[in-house]
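Taking it in order: structure first as structure tokens, then the write-up.
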There are 2 protein chains.
Amino acid sequence: MSIKYGLLALLQRGTMYGYQLRTSFEESTGGTWPLNIGQVYTTLSRLERDDLVRSLPEHDGGQRPYEITDAGRAELATWFATPIGRGDRPRDELAIKLALALTTPGVDVPGIIQAQRTATMRMLQEYTRMKQRTAGPADLSWRLVLESMIFQAEAEVRWLDHCEASLARHAPLPTPPPATAPETVHDKEKTA
Amino acid sequence: MSIKYGLLALLQRGTMYGYQLRTSFEESTGGTWPLNIGQVYTTLSRLERDDLVRSLPEHDGGQRPYEITDAGRAELATWFATPIGRGDRPRDELAIKLALALTTPGVDVPGIIQAQRTATMRMLQEYTRMKQRTAGPADLSWRLVLESMIFQAEAEVRWLDHCEASLARHAPLPTPPPATAPETVHDKEKTA
DNA sequence: TGCGCCTCGCATACCGGGTATGCATACTCC
DNA sequence: GGAGTATGCATACCCGGTATGCGAGGCGCA
């Protein structure tokens, strides 16, 4: 859904044709989310069908530039004005995975958490390295997108740690470390 | 992509038919991500086509239960063993929105940030209320999913605050508070 | 200078995920 | 006991995304 409004926002800056839209979109997000060229054309045709954009006569090189309409401008304004709600988010595959792993027999849940944690930490390091290479206010958009991913990854690591602790409380490992006693258990209603 | 493996995980616990799969999936995530019944059937037919599940003879009531195959068990095991990578995540609509708003003329970026911040805070309060209602280790999966969303929402609020600050540094507001001087500017290379 | 390969700009076909809709049975209430 | 309603199930259709097809222009080489 976001590419529809993304193209509208780009066309608000001026008329553009397909490939320009793709490159502009990818530039503003630093190539984080590559946009397929086919998707650009299908979205443009749908936008034209809904009278949100208008196609201009072909250029010399065969490029068909598009121009935003008044209805498109209005639609874009409402998108900008409306906050992203709860139902708009896609399913979190990691949360689903862990939730299902808990009730699936024969699954090493602590192992999954550990593996995911190292993977996320690696991503985090890569993001930080990218951020250090970014300099200058010209890339402000790109830096904000990058920092968004950094914040999310940090939250994911924190959540994984939390899961690990909460899991150790409720279902002690098959081979717990024998030397140290498990930390104080808070829940009173143990089922076993 | 996650529902394919979700159904496989549920079928690992035993044979089930369509509606059972849907209700079990929704139960384990506390109804956070409602699963459309149509999607269950199409996914089941694809899974059967790929020999990951096998359909059993119809029940009395007309329900067709499904059973996981050995190939399905292997596929599920690799899904559990492989961490979620960077490219698997969907586009973050909020990040795209802000990144594009920065370079679109006639957009009130601080207003967008403020509106999103209050909306996310409201979601956060709702999540916390839900969490307080959840008690007992029976809902462990559901509580972890809920906490995942809490952690993400908190990260989003932090990111929005960060954006606001970084934005105020780079592009001062059109109508700054006249009484107090803007805080120390760190960037040396102002373009203007 | 003419021929062929490659790259690039552009468009389309197909597939997977999701929602709305249709259909039959069971159940309830008058 | 019959109409209305809820539930279990299946299908049709729409939208987003990827892979593929297609033509024009650039460039090496004889």
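Just so it is clear: chains get the letters A, B, ... in the order the sequence lines come, proteins before strands, and each one is counted from 1.
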Between N or O atoms, less than 3.5 Å apart, protein on one side and nucleotides 11-21 of chain D on the other: list the pairs.
residue	atom	partner	partner atom	Å
D/dG16	OP2	A/Arg46	NE	2.7
D/dG16	OP2	A/Arg46	NH2	2.6
D/dG17	OP2	A/Gln39	NE2	3.2
D/dG17	N7	A/Gln39	OE1	2.7

Could you state the CD-C1' distance from B/Glu26 to D/dT7, rounded to the nearest angstrom? 14 Å
Are there over 12 heavy-atom neighbours, none belonging to A/Arg122, within less than 6.0 Å of that residue's CZ? no
Without decimals, in angstroms, what is the distance between A/Gln20 CD and C/dC8 C1'? 15 Å
Over how many whole Å does the gap from A/Arg22 atom CZ to C/dA11 atom P extend? 13 Å
Mind calculating the distance between CG (B/Leu7) and C1' (C/dG18) to the nearest angstrom? 14 Å
Using the side-chain hydrogen bond (donor to acceptor under 3.5 Å, both in side chains) rule, take B/Gln116 and B/Trp159 through it: C-alpha gap first, then chi angles, then the decisive distance, then the call. CA-CA 11 Å; B/Gln116 183 67 50; B/Trp159 179 68; over 6 Å; no
Heavy-atom closest contact (A/Ala101 atom, A/Val107 atom, distance): CB-CG1, 3.8 Å
Pair A/Gln12, B/Thr104: side-chain N/O donor-acceptor within cut-off below 3.5 Å: no
Cation-aromatic face contact A/Arg22/A/Tyr19, 6.0 Å, 45 degrees: yes
Parallel, tilted or perpendicular: which describes the rings of A/Tyr5 and A/Trp79, with under 30° parallel and over 60° perpendicular? parallel
Please give, in whole Å, the distance from C/dT25 P to B/Tyr19 OH? 16 Å
